[in-house]
Every structure is written in C-alpha cells, then in structure tokens.
Amino acid sequence: MVKVEIVEDKEGHASPYASPSSSRTSSTESLSSISSELSADETFYDRLTALVDIIPPTTRHNITSKVSKTASFVKKTGKVIGNVVWIVTTSALLVGLPLALSLEDEAKIVAQEKELMAQQQGAQHMMAGSSYPPGSSQQPAQKAVVPPGF
C-alpha cells in the first residue's frame with residue numbers, strides 16, 4: 001500500500017508546486033535504482049488487494065454488481081438446464097423403455113409365428129408329398145407376416 005506523508009515547506013516558496021533545488025537534482029536519478037520486484041513475503045493476493053485503493057468506489061461497485069449478476073445468471077441457467085435434462089431422462093425411462101420392451105416382445109412373437117408357419121408347411125409337405133418337383137418356379141410365393149403399425 002502507499003503511505004502518504006505530509007512534508008512541511010521550510011523555504012516558503014510562493015507556489016505550492018515549487019520544489020527546492022535539492023529535490024530537483026535528486027529526481028534525475030535513474031529509475032533502475034527503484035526496485036519493483038515482488039518481494040518474497042508479498043503474495044499476488046496482497047498486490048491485488050492493494051489495487052482496491054486505486055479503483056474508485058463507484059467503479060468497484062459497478063464491477064461487483066456485474067460479476068454478481070453474471071454469477072446469478074449462470075446459476076439460474078445451470079438450474080434450468082439441469083431440470084430439462086432431468087425431465088428428458090425420466091421421460092425416456094418412463095415412456096421409451098416400456099415402448100422398446102413391447103416392440104422387442106412383438107418382434108419375438110412375429111419371429112415365433114414365422115417359425116411355426118415354416119414348421120407347419122414342412123410337415124404338410126412331408127405328409128402329402130410335394131406336387132411340384134423341386135426347383136420348379138410354380139411353387140406359391142410365401143407372404144411375410146407384417147405386424148400392425150409397420
């Protein structure tokens with residue numbers, strides 16, 4: 001932090017900004033003699049908190065309010081997105097999973113019906129014998145069983 005020290009004017013100059021000749025000559029020192037390195041015991045946080053004195057209170061208030069509004073917006077948006085994800089996943093589990101299981105059961109039933117029909121046709125051909133010679137194109141074409149809704 002910066003310490004401000006009031007120095008009394010001993011020479012009594014007329015101008016409040018006038019400086020004695022000794023201070024004019026001492027200001028010609030090079031800037032390299034002033035060390036601005038970070039000391040070992042001073043942290044970045046300490047330097048950042050020292051900047052509070054530089055920034056005016058109105059600007060600090062504006063920055064603080066904008067940061068808090070942004071944080072509030074992010075929090076509310078995250079909550080809404082979380083609710084939407086929750087609704088979608090529970091809806092998928094409550095509606096989609098039973099639907100998928102019923103479609104799978106229906107597909108199993110259709111496959112069993114096809115297999116049963118094939119067995120019955122095979123048994124009929126064995127019992128009655130085939131009236132058509134193998135390889136002839138006059139055999140009736142089999143129709144596939146189509147489940148409702150497809």
Side-chain angles (χ1 to χ4, degrees), residues 1-8 16-19 23-150:
M1 295 207 2
V2 178
K3 280 190 173 181
V4 178
E5 186 177 318
I6 299 175
V7 179
E8 295 295 327
Y17 299 108
S19 63
S23 68
R24 272 187 251 134
T25 58
S26 65
S27 67
T28 59
E29 294 177 3
S30 68
L31 291 175
S32 63
S33 65
I34 302 172
S35 173
S36 66
E37 295 180 18
L38 182 64
S39 66
D41 60 337
E42 187 178 26
T43 63
F44 180 73
Y45 179 74
D46 293 336
R47 286 189 149 211
L48 193 63
T49 55
L51 291 176
V52 171
D53 297 333
I54 296 172
I55 300 172
T58 55
T59 307
R60 277 186 293 183
H61 177 69
N62 289 339
I63 291 171
T64 305
S65 65
K66 287 179 183 179
V67 167
S68 65
K69 286 178 184 179
T70 303
S72 174
F73 175 75
V74 168
K75 185 177 178 182
K76 287 178 184 177
T77 303
K79 194 170 188 174
V80 167
I81 289 173
N83 288 342
V84 168
V85 168
W86 175 259
I87 290 169
V88 168
T89 55
T90 54
S91 298
L93 287 175
L94 293 175
V95 174
L97 187 62
L99 178 65
L101 291 175
S102 67
L103 289 176
E104 183 182 354
D105 288 342
E106 189 174 331
K108 284 181 184 178
I109 292 171
V110 168
Q112 286 176 352
E113 286 177 354
K114 284 183 181 181
E115 185 179 327
L116 184 62
M117 287 178 61
Q119 286 177 357
Q120 287 175 355
Q121 286 179 355
Q124 286 176 358
H125 283 292
M126 286 181 62
M127 294 289 201
S130 179
S131 60
Y132 299 110
S136 73
S137 62
Q138 295 178 356
Q139 290 182 347
Q142 294 181 359
K143 287 187 177 180
V145 177
V146 178
F150 288 101

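A quick note: this is a predicted structure, and the numbers were derived from the prediction, not measured.
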Pick one: which of Ile54, Asp53, Thr59 meets side-chain contact (heavy atoms from CB on, under 4.5 Å) with Pro56?
-> Thr59
Reported CG-to-OG distance for the pair Leu97 and Ser102, which is rounded to 0.5 angstrom | 10.0 Å
Minimal non-hydrogen separation, Asp46 against Asp41, with atom names = OD2-O, 4.0 Å
Shortest non-hydrogen separation from Arg60 to Val52 and the atoms involved = NH1-CG1, 2.6 Å
Without placing hydrogens or testing angles, list every side-chain donor-acceptor pair under 3.5 Å for residues 70-82, not counting sequence neighbours.
residue : atom : partner : partner atom : Å
Thr70   : OG1  : Lys66   : O            : 2.8
Thr77   : OG1  : Phe73   : O            : 2.8

Is there a side-chain contact (heavy atoms from CB on, under 4.5 Å) between Gln120 and Leu116 once you walk through the steps?
-> CA-CA 6 Å; Gln120 287 175 355; Leu116 184 62; 4.0 Å; yes
Which atom pairs, donor and acceptor, lie under 3.5 Å between side-chain atoms of residues 88-96 and protein residues at least two apart or in another chain?
residue : atom : partner : partner atom : Å
Thr89   : OG1  : Val85   : O            : 3.0
Thr89   : OG1  : Trp86   : O            : 3.0
Thr90   : OG1  : Trp86   : O            : 2.8
Thr90   : OG1  : Ile87   : O            : 3.2
Ser91   : OG   : Ile87   : O            : 2.8

